[in-house]
Structures are given as structure tokens and as C-alpha cells.
Amino acid sequence: MDSNLLEHMMQPKNYGVIENSDSEGIGKNPHNGEKVIIFLKVKNENEPIIEDIKFQAIGCMTTVIAGSIITSEAVGLTFERGDALVGATLGMLDSIPPEEAACSEMVALALKAAMDTYMERQKDSDFPMITYKILNNCATNEENQQGSENE
Amino acid sequence: MNNILIKSHELWLELFMSSFMSKDMDNSKKLLEYSKILFRHFKWIENECIKHNVAYNYDRNQIPVKVDTLKTILNDIANRLKQLELSLIDIDNRDLSSRISNDIEYILYSINNITDEEVTSFDMNMSYKDIKLSQDATDALTFFLFEESYKEYELIMIYNYLKAHTKSLKLANIFETLIEESFFHFGEFAGMMSEMGILGVPRVIAKELYLIDNITEFLLSGIDEELAAKEECKKLSDAVGTENKELSKFFDFISNQENYHIALMKEALESLGYDNV
């Protein structure tokens, strides 16, 4: 196992909550209730920039690793580049197994939800936190089969 | 008072992790016992919060445990203990604060006398007791240890919250036993992680995991999770079994202990009047 990956497992980056965050967003797996919440502190000069980012996950270690990597990439990005990061992450998911793709998708969609919530709050400060649901399922084919047998 | 609870939470966990950093059995045992004392303080402070209707939670800050020497972490623990002691003034219950203060005084004295050691718990050596494992088996073991050590910490916190809020002595006893069981597993996994040089503090538990509205539902899904955990242990036992008998036997033992946890959870469900167990 790669030492960078181990670092993310031993000490996930940006794990936690931002008190008085400017925006929050959730990426949720509707199949099993796992989710990721992202908190943003945004600096808005000519365009919104992610000044600080934190995440919390109700999910597995793979989700935490994905959260640690993606949030590290997102710090300091403009929303435009943040959208590109979300797009690039979602674009890579086709090449990995769905059970692994689900974790990264959840984090990417949480980031998108947090940025979209921020934009909505520029028009309405009471706008509620947005939740996006993922398309991939993190259960393996074997587990899906067992699930349908039990139904 | 929530602030005091957070400080004591950080302390019992940091002491717990430090006990696996020492290769000296006496030091290790001592630090583990002090962690247990701090965990008791944590429970007493939580009970005080409940008694006085003070809102509290299990949030905490990141604990920087990655050190090269034992003294470094012990100095950090000593500083935190002193901060905790200073904040005890905010507890109205003087008996409680002086009890905690007495313990802190002695622990400070004791850890100050612990001889320094080099810490190898973070060197990513990836070997356990000189056991030769293939890359795949090592990766499977690594992933399992991170996943399950967090899971055991999560269970300790959830059962602790449920125990603190139940009025049933029977349920309290069941939750206490489950906490002890999870502490044992947590410790076993942390010990292995330290040996492999990949020791890590479990992440903070999300509020919605322990603020449980429906205990019956929680226990029912908990039984499913225990069954899944058994399966994970079995998979791991199979993955390492062909390469090492000792590890395989250990994971079979952990897997079989899940049966006991399931039995306890069923007992808890029965005492809640759920008869379809």
C-alpha cells in the first residue's frame, strides 16, 4: 500500500466541522444511508474561493480517504475550478468498480452541494443545505445478490 | 461543562493511544490504566451534564499523536491534564472536581517519571511480529485494522451514550459489557497497528450516530453489523490463514466473540419488549 494512502488513513486531512461555516452540502448514498457532509468557508472577492474546507463522513474508510484527498485538492480553488475538480472526479468513476466509485462520488457530490448551497445563499441567506444522491451503489454484486434473495 | 467533557474525552483517548507506543510493558500498562481512569472521569462529567441538563456532545479536536519519542506525547498529555485541572473550577460538584483533581495530580507525577523511549508506531514498517505476509494479505490486514478500530471506538461512544441515558439497570449492564468488549477489540487492533507502524486516532464520531431516537431499530441494525463484522473477520482469517496460523486463529477468535455481542444485543432487545428476536 502506498505511503501517501497510509498517511490519509492515519491522519485524514480536513476531517471535522467548521463552526460558522458559510455553506454546507451533503452527498448521500440512498442505498445504505452513508453520507458525507462538507463545510466551506468562502472568501468572495471577484469570485468565490474555497478558503477552508472540512468534511465528516458516515461511511467506510474508502470514503474517508476520498474525502481527505478531494478536500486537500479543493482548498484555495475558485468555485469554477472546484466545479472542474468535481467533474474530473465524477469522470474517473467509470473506470473503477461501482463499490469503490460510490465513495468518491459521495465526496464529489457533497462538494458540489456545498458550492451550490453557497450560491443559493447569495440570493436567499436562509437557503437550506443541499443534498445530492449518488448513482453508484457501494454494495458488491455478491451483496446485491444476497439482498435480493433476502427480499 | 461541555468544554471540560471534550478535554477529558481527548485525554482518555490520547492516553489510550500512548499506551500502545511504549514497548516497555510496565509503562504501557500504566498508561492504559490511566486512560481507563480518565474514561471514568469522562463518564462522571457526562453524568453531571445530564443531571444539570447541560447540552453536551462527543465532538473533540484532532489529537496529534504522531511523535518520535514517548516524552513528546507525555508532555502533551501533561499540558492537557493541567488545562483540564484548571477548568475543573467550572464544575459545581466539589466532590467530583476534587476526586478528578487528585487523580490528575498523581498521574502528572507518575508520567513525569516515565523513562523516555523511541516511538516506532508511525514508521509504516508494515510487518507484524516478524510474520511474513504477502502484499495482498498485508493490504487486507491494514484496511481491516483502520476500518475496525474506528468501528470499535464508534461503538464505545454509542453504547456509552445509551448507557448514560437509560434508566434500566439491565440495559446499563448490557451496554457496559459491550463497552468493555469494544475496548478489548480496540486495544488489540491498536496494538497491531502500532507494531506495523500505522497507529492512527479514530476520527470524530458524527452526532447522528449516537443521538439515537429508536434503540430497538439501532440494536436490530447493530446485529446485522455484527454479522457483517463476523464476515469481515472470516474473510481476513481466510486471506491470512494460508500464510499465518497465529493471525488466522486470532481473527477467528474475534469473529466468534461477535456471537456474544449479538446475544447481548438480543438480550437488550428482549428487555425493551421486542419479542421477535
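Quantities reported herein were computed from a predicted structural model and do not represent experimental measurements. Lettering of chains follows the sequences in order, A, B, ..., and the numbering in each one begins at 1.
The environment of CD in A:E51 is crowded: more than 12 heavy-atom neighbours from other residues, nucleotides or ligands sit within 6.0 Å.
In this structure, chain A has a heavy atom under 4.5 Å from the side chain of B:K66, while its backbone stays farther away. Heavy atoms closer than 4.5 Å to chain A are found in the side chain of B:Q62, but not in its backbone. Only the side chain of A:I65 comes within contact range of chain B, judged by heavy atoms closer than 4.5 Å. If you measure heavy-atom distances from B:I198 to chain A, the contacts under 4.5 Å come from both the backbone and the side chain. In this structure, the portion of A:V64 lying under 4.5 Å from any heavy atom of chain B is its side chain and not its backbone. With a threshold of 4.5 angstrom between heavy atoms, B:F122 approaches chain A through its backbone and through its side chain.
Using bins of under 30°, 30° to 60° and over 60° for the plane-to-plane angle, the ring pair B:Y153/B:F186 lands in the tilted bin. Aromatic ring orientation, B:F218 versus B:Y159: perpendicular (interplanar angle above 60°, classes split at 30° and 60°). The aromatic rings of B:H185 and B:H261 lie tilted to each other, with the angle between the two planes from 30° to 60°. Classification of the B:F42-B:Y58 ring pair by plane angle, with boundaries at 30° and 60°, yields tilted.
With values rounded to the nearest 0.5 angstrom, A:L135 atom CG is found 9.5 Å from A:L93 atom CG.
Of all residues in residues 125-139 of chain B, those placing a non-hydrogen atom less than 4.5 angstrom from a non-hydrogen atom of chain A are B:M126, B:Q135, B:D139.
Look at B:E118 and B:K23 and you find no salt bridge, because none of the NZ, NE, NH1 or NH2 atoms lies under 4.0 Å from a carboxylate O. By the 4.0 Å N-to-carboxylate-O rule, A:K28 lies too far from A:E34 to be salt-bridged with it.
Considering all non-hydrogen atoms of both residues, B:F144 and B:C233 come closest at CZ-SG, 3.8 Å.
In terms of heavy-atom pairs under 4.5 Å with chain A, the best-connected choice from B:E154, B:R203, B:E208 is B:R203.
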